[in-house]
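Below: the structure, in structure tokens.
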There are 2 protein chains.
Amino acid sequence: MAYSIQTVAKKTGLAISTLRFYDKAGLLPFVARDSSGYRAFTDGDLALLHTIVCLKNTGMKIADIRRYIELVMAGPTTAKDRQALLAAHREVVVAKQQEIARSLAEIDYKLQMYASPDAEAKVAQEWALASADKEKNGLPNPFTA
Amino acid sequence: MAYSIQTVAKKTGLAISTLRFYDKAGLLPFVARDSSGYRAFTDGDLALLHTIVCLKNTGMKIADIRRYIELVMAGPTTAKDRQALLAAHREVVVAKQQEIARSLAEIDYKLQMYASPDAEAKVAQEWALASADKEKNGLPNPFTA
DNA sequence: CCTTGCCCTAAAGTATGGTTTAGGGTTTAT
DNA sequence: ATAAACCCTAAACCATACTTTAGGGCAAGG
């Protein structure tokens with residue numbers, strides 16, 4: 001009925017070593033042990049682990065995930081704290097997503113330049129401008145392949 | 001006319017130590033030195049540095065950014081290679097953005113639960129289910145705060 | 001009984017991306 | 001000519017997140 005660490009690794013895509021690392025880091029205090037000292041994961045544990053993976057995927061640090069899990073373990077009275085923690089994290093993630101989108105837009109601009117019919121000419125011009133910029137400042141020109 | 005490392009740090013928001021680290025890592029082969037051995041950044045250098053920051057912001061590894069810069073330094077003939085490199089990176093970034101969006105949606109689902117009027121009841125029920133899941137498997141129940 | 005395939009811990013090692021420290025020149029204003 | 005404010009390198013150090021290694025126990029089949 002309970003899952004072995006290997007089974008959970010396959011179900012989640014996490015390495016066995018990662019699961020043990022998370023456990024040691026305090027992320028899996030809810031995982032029980034069988035009579036041999038082996039970890040025994042229940043379906044409920046998988047649900048919590050899934051939440052941990054979501055937090056990890058969105059860039060939350062181990063220490064902060066641990067804080068969230070501690071609140072969960074402390075019982076229903078910590079609901080407000082969990083909400084605050086997740087809401088704050090949400091804002092961080094959204095901001096980072098926007099920053100990435102902005103940088104990606106600039107990369108797309110370059111890609112569009114490279115894809116244009118006169119890409120060659122544009123790249124050559126960039127090159128000429130960078131060279132001129134060096135000469136103008138009386139500096140050695142590294143753009144002389 | 002050229003910018004000192006401190007000026008560039010302020011303009012870009014990068015730490016001076018980070019700029020030196022990038023230089024040592026081969027990301028800034030285009031930055032010249034003045035007669036005292038001080039780095040002298042031109043406006044063209046800032047443009048290239050900006051591209052580097054975009055790649056960094058989107059999660060590109062230093063080693064891959066260096067590869068891109070190497071192509072730039074090698075001249076206009078490498079335009080096709082640069083395009084391929086950026087296009088491949090773009091796909092990686094878009095995929096990661098989507099994965100983050102999926103995880104964020106799950107976090108939002110939890111937030112919505114915490115925000116509902118009967119949040120208390122829902123959290124208590126979650127708690128009860130997790131406990132039952134342990135008992136069902138004859139395992140010690142850690143949810144007993 | 002013993003091999004095979006699981007499981008365990010503790011500790012060391014790896015990868016990445018920086019930051020800090022130590023020691024030392026340069027430039028500028030007083 | 002000296003202090004303050006810059007700049008430099010090399011190398012050590014740090015944080016984060018894992019992975020690998022070493023040594024060993026448990027369980028089932030032949």
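Naming convention: chains lettered A, B, ... in sequence-line order (proteins, then strands); numbering from 1 in each chain.
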Looking across every strand, which nucleic acid part, if any, lies under 4.0 Å from A:Arg20 by heavy atom: base, sugar-phosphate, or nothing?
base
Please evaluate residues B:Tyr114 and A:Arg82 with respect to the criterion side chain to side chain donor-acceptor pair (under 3.5 Å), reporting the C-alpha separation (whole Å), side-chain torsions for both, the decisive distance (0.1 Å), and the verdict.
CA-CA 8 Å; B:Tyr114 285 127; A:Arg82 300 183 212 173; 3.2 Å; yes
A:Leu28 CG to C:dT9 P, straight-line distance once rounded to whole Å:
11 Å
Take the protein atom CZ of B:Arg33 and the nucleotide atom P of D:dC7, then report the distance between them rounded to whole Å.
12 Å
Mind checking whether A:Phe30 and B:Phe143 have parallel, tilted or perpendicular rings, split at 30° and 60°?
parallel
Whole angstroms only, please: what is the CG-P distance between A:Asp34 and C:dC8?
8 Å
Could you state the OH-P distance from A:Tyr3 to C:dC6, rounded to the nearest angstrom?
19 Å
Under 3.5 Å, which N/O atoms of the protein pair with N/O atoms of nucleotides 1-6 of chain D?
from  : atom 1 : to     : atom 2 : distance (Å)
D:dC6 : O5'    : B:Gln6 : NE2    : 3.3

What's the CZ-C1' distance between B:Arg39 and C:dT26, to the nearest Å?
15 Å
Side chain of B:Asp45, backbone of B:Thr42: donor and acceptor closer than 3.5 Å?
yes
Could you pull out the closest heavy-atom pair between B:Gly26 and B:Ile69, with the gap in Å?
O-CG2, 4.4 Å
Can you name the closest pair of heavy atoms from A:Thr78 and A:Val72 and give their distance?
OG1-N, 4.3 Å
Would you mind reading off the distance between A:Lys10 atom NZ and C:dG5 atom C1', rounded to a whole angstrom?
12 Å
How close do B:Leu111 and A:Gln83 get, heavy atom to heavy atom, and via which atoms?
CD2-O, 3.5 Å
For nucleotides 18-23 of chain C, give me one character per nucleotide, 5' to 3': B if any protein heavy atom sits under 4.0 Å from the base, S if the only such contacts are to the sugar-phosphate, - if neither.
BBB---
Reported OG1-to-NZ distance for the pair B:Thr58 and B:Lys96, which is rounded to 0.5 angstrom
7.5 Å
Give a yes or no answer on whether the side chain of B:Arg66 reaches the backbone of B:Ala25 with a donor-acceptor pair at less than 3.5 Å.
yes
B:Ser36 vs B:Ala63, nearer the 5' end of DNA chain C by closest nucleotide
B:Ala63
Here's one to test your reading of the geometry: is the NZ or CZ of B:Lys11 within 45 degrees of the ring axis of B:Tyr3 and under 6.0 Å from its centre?
yes
A:Arg66 atom CZ is separated from D:dT16 atom P, nearest whole Å, by 10 Å
Would you kindly give the CE-to-P distance between B:Met60 and C:dT16, to the nearest whole Å?
15 Å
